[in-house]
Amino acid sequence: MGEIKLIIFDLWKTLAYKKNNKNHKSIREMIDKTGTSISVDKLVKIFEESVQTKKWKNEWGAYENMCKNMKLECSEKNINVLMSARKKVERNPKNYIHTISMLKKLKNLGYKIGIVSNSSMFAIENMKKNKLFKYIDYPVFSFEVGAIKPDVKLYKATLKRAGAKPGKTIMIGDNLKNDVLSPRKLGMNAIHYKNYRQLKKDFRKFGINL
Ligand SMILES: [Mg+2]
């Protein structure tokens with residue numbers, strides 16, 4: 001093992017994916033069914049801030065909050081529309097085919113492994129039984145930290161929890177701004193994830209051979 005001690009992954013579209021959620025399908029459904037004039041990009045932000053930055057007593061409260069932040073009438077119908085659009089895509093998350101064997105290999109090589117993810121508590125509840133978490137030493141989620149990537153707070157929280165130095169850490173994720181540029185601000189190494197072949201190649205630059 002070289003200088004690297006801690007390897008952190010983004011979760012969505014890096015280790016796992018939500019089936020049937022191409023091009024923000026759930027957000028588009030929310031727009032169609034509520035008739036709001038908010039754009040997709042803006043609504044993604046509203047969703048993240050409203051639902052993914054807090055521990056909620058229940059889903060209803062979370063989506064009622066989103067409804068308020070959309071300046072919609074918070075009727076039962078509107079709240080249900082938001083909640084069910086999201087539930088449909090979060091119900092059945094899948095790991096990529098290489099995920100478990102890669103994590104196993106990294107653990108066997110002696111690395112500590114973290115996750116830093118923008119996620120609601122509901123999406124993570126659906127992941128509870130996922131084998132992936134057996135290999136994660138430091139799972140860090142936006143709903144626990146109260147911040148959304150690219151906010152460096154999430155990375156600071158992870159480094160603190162792991163007692164790791166930024167220079168001995170690599171962050172890997174599919175989103176350039178959130179997963180690469182943000183951790184680099186703290187002096188962390190970062191790999192922009194595109195596919196497993198490319199990731200293995202980039203790992204080699206750090207002396208990690210999978
Ligand atoms: Mg991602």
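Indexing begins at 1, ligand by ligand and atom by atom, following the structure's order.
For the Mg ion (ligand 1), the N/O/S atoms of Leu11 include none lying under 2.8 Å.
Val89 and Lys18 make their closest contact through O-CB, 3.3 Å (heavy atoms, listed as atom of the first residue, atom of the second, distance). Contact between Lys68 and Cys74 at its shortest, heavy atoms only, is N-SG, 3.5 Å.
The Mg ion (ligand 1) lies closest to atom OD2 when only the N/O/S atoms of Asp10 are considered. The Mg ion (ligand 1) is closest to atom OD1 of Asp174 (considering only N, O or S atoms).
Figure legend: Lys131 and Tyr135 shown without cation-pi pairing, the cationic atom not lying both under 6.0 angstrom from the six-membered ring centre and within 45 degrees of its axis.
Ion pair Arg86/Glu59 not flagged as a salt bridge, since none of the NZ, NE, NH1 or NH2 atoms sits closer than 4.0 Å to an Asp/Glu carboxylate oxygen.
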